[in-house]
Protein chains: 2
Amino acid sequence: MSDVLRLDAFLPFRLSFTSNLVSDTIAGIYVALFDLRIPEWRLIAVVAEEEASPLGGATQQEIGRRTRMDKVTVSRAAIAMVERGLMARVAHPDDKRSHLLHLTDAGRDLYAQVAPKALELERRIFARFDAAELAAFTATLRKIDAAILAEEQAG
Amino acid sequence: MSDVLRLDAFLPFRLSFTSNLVSDTIAGIYVALFDLRIPEWRLIAVVAEEEASPLGGATQQEIGRRTRMDKVTVSRAAIAMVERGLMARVAHPDDKRSHLLHLTDAGRDLYAQVAPKALELERRIFARFDAAELAAFTATLRKIDAAILAEEQAG
DNA sequence: GGATAGTAGTAGCATTTGACACCATGTCGG
DNA sequence: CCGACATGGTGTCAAATGCTACTACTATCC
């Protein structure tokens with residue numbers, strides 16, 4: 001960290017730059033292959049994971065918490081998925097305000113295609129990095145998250 | 001990199017998550033303090049750097065190339081800055097289609113406030129990291145950029 | 001047990017952002 | 001030089017995203 005501002009070396013800028021590069025690449029591929037926007041495919045990923053949980057699904061609120069997406073974004077993605085027949089809602093057993101999202105058979109089929117493709121993309125981009133470098137990288141990312149969330153707490 | 005998909009461990013997701021966290025924090029502060037959106041403050045940063053260059057300013061195209069912002073985004077930010085009296089355009093000596101953006105006195109004054117604030121924010125977020133960790137982190141970011149840009153080239 | 005405050009989710013509106021079309025100017029091949 | 005194509009920049013429109021307000025339901029606390 002220097003004491004003159006050079007945008008090119010300014011960490012928040014670099015982070016945003018790289019993140020956009022990665023996201024745009026992936027977003028384009030997902031739309032082309034599966035007609036899924038990023039929020040939608042995140043929904044699928046979270047719901048697929050949560051189907052193994054005791055409740056057998058995920059609430060929109062849980063999805064928002066885990067992905068830090070706005071609840072409006074989650075709502076819209078959920079509506080789109082239900083309309084496409086990839087997900088269904090069941091009443092939440094303990095709270096009638098809420099629903100549990102789970103995958104339909106069609107949704108599970110799609111997930112079976114989407115997940116390997118995601119991992120393949122990840123490998124293609126990150127193939128040239130060794131495991132230690134990637135581990136250090138993600139560890140730093142998580143430390144940054146923690147630092148900011150702590151700031152937010154503190155105000 | 002595992003062979004099952006867990007969103008929480010999926011690198012493109014982690015990257016986007018952290019980047020949004022950082023960007024949102026900074027964006028909020030910049031709007032509150034200076035009424036500057038991110039594209040606008042990037043404009044100021046690039047133009048301030050380029051004023052030292054032979055041409056004494058930056059073209060919008062140059063700004064777009066360096067920040068990877070859409071040329072429309074750059075155009076709008078430039079119009080806003082000129083309207084606010086922070087920047088002015090001078091004719092490009094060699095190309096009448098183009099202009100050079102440079103800072104007005106008011107723009108330079110603002111930059112003198114903005115730049116230290118940016119560095120302070122960066123320090124506040126990244127204070128807990130040692131130099132080696134940050135260096136490794138940014139090196140990895142740049143390698144990711146290179147990997148993706150090479151992919152784009154290849155198609 | 002009813003008023004009050006809080007939460008899950010949606011709708012409508014405003015803002016932001018990018019895609020596309022366009023104008024003005026510039027460049028290059030003949 | 002002059003037509004064909006490329007480039008800098010802006011206007012216009014569509015898509016994406018977030019804010020605010022709202023409905024429906026739940027929890028709490030006298």
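Chain letters run A, B, ... following the sequence lines, proteins first and then strands; every chain starts at 1.
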Winner on side-chain proximity to Lys71(B), out of dA19(C), dG9(D), dT26(D), is dG9(D)
Against the side chain of Val72(B), the closest entry in dT26(D), dA11(C), dT10(D) is dT10(D)
query: In terms of ring plane angle, is the pair Phe10(A) and Trp41(B) parallel, tilted or perpendicular, where the classes change at 30° and 60°?
result: perpendicular
Among dT7(C), dT17(D), dT10(D), the one nearest any side-chain atom of Thr73(A) is dT17(D)
d(Ser53(B) OG, Glu62(B) CD) to nearest 0.5 Å is 8.5 Å
Here the distance between atom C1' of dT7(C) and atom CD of Glu62(A), to the nearest Å, is 15 Å
Separation of dA24(D) atom C1' from Asp95(A) atom CG, nearest Å, is 11 Å
Taken to the nearest whole Å, CG/Asp70(A) to C1'/dA14(C) is 14 Å
Any Ser98(A) side-chain N or O less than 4.0 Å from OP1/OP2 of dG9(C): yes
Taking only side-chain nitrogens and oxygens of Ser75(B), does any of them come within less than 4.0 Å of OP1 or OP2 of dT10(D)? yes
Check your understanding: If we ignore angles and hydrogens, is there a donor and acceptor under 3.5 Å between the side chains of Arg66(B) and Gln61(B)?
Key -> no
NZ/NE/NH1/NH2 to OD/OE distance under 4.0 Å, Arg37(B) and Asp35(B) = yes
Among the nucleotides dA8(C), dG9(D), dG9(C), whichever has the atom closest to the side chain of Gln61(B) is dG9(D)
Considering only heavy side-chain atoms of Pro39(A), the closest of dT17(D), dA6(D), dA8(C) is dT17(D)
Considering only heavy side-chain atoms of Arg97(A), the closest of dG9(D), dA19(C), dA24(D) is dA24(D)
Closest to the 5' end of DNA chain C, once Lys96(B) and Arg37(B) are matched to their nearest nucleotides, is Arg37(B)
Ranking dG9(C), dG9(D), dG18(C) by distance to the side chain of Arg89(B), first place goes to dG9(D)
Here the distance between atom P of dG9(C) and atom CE of Met87(A), to the nearest Å, is 13 Å
Ile38(B) atom CD1 is separated from dT17(D) atom P, nearest whole Å, by 17 Å
Between Val114(B) and Tyr30(B), the two heavy atoms sitting closest are O-OH, 3.4 Å
Margin query: When you measure from the side chain of Thr25(B) to the backbone of Leu21(B), do you find a donor-acceptor pair of N or O atoms at a distance under 3.5 Å?
Written below: yes
Rounded to whole Å, the CD1-P distance (Ile63(A) to dA8(C)) equals 13 Å
Of the listed dG18(C), dG18(D), dT10(D), the closest approach to the Gln60(B) side chain comes from dT10(D)
Quiz item: Just checking His92(B): base, sugar-phosphate only, or nothing, at a heavy-atom cut-off of under 4.0 Å?
Solution: nothing
Asp94(B) atom CG is separated from dT25(C) atom P, nearest whole Å, by 16 Å
note: Arg68(B), atom CZ; dG18(C), atom P; distance rounded to Å ~ 11 Å
Among dT10(D), dG12(C), dG18(C), the one nearest any side-chain atom of Arg76(A) is dG12(C)
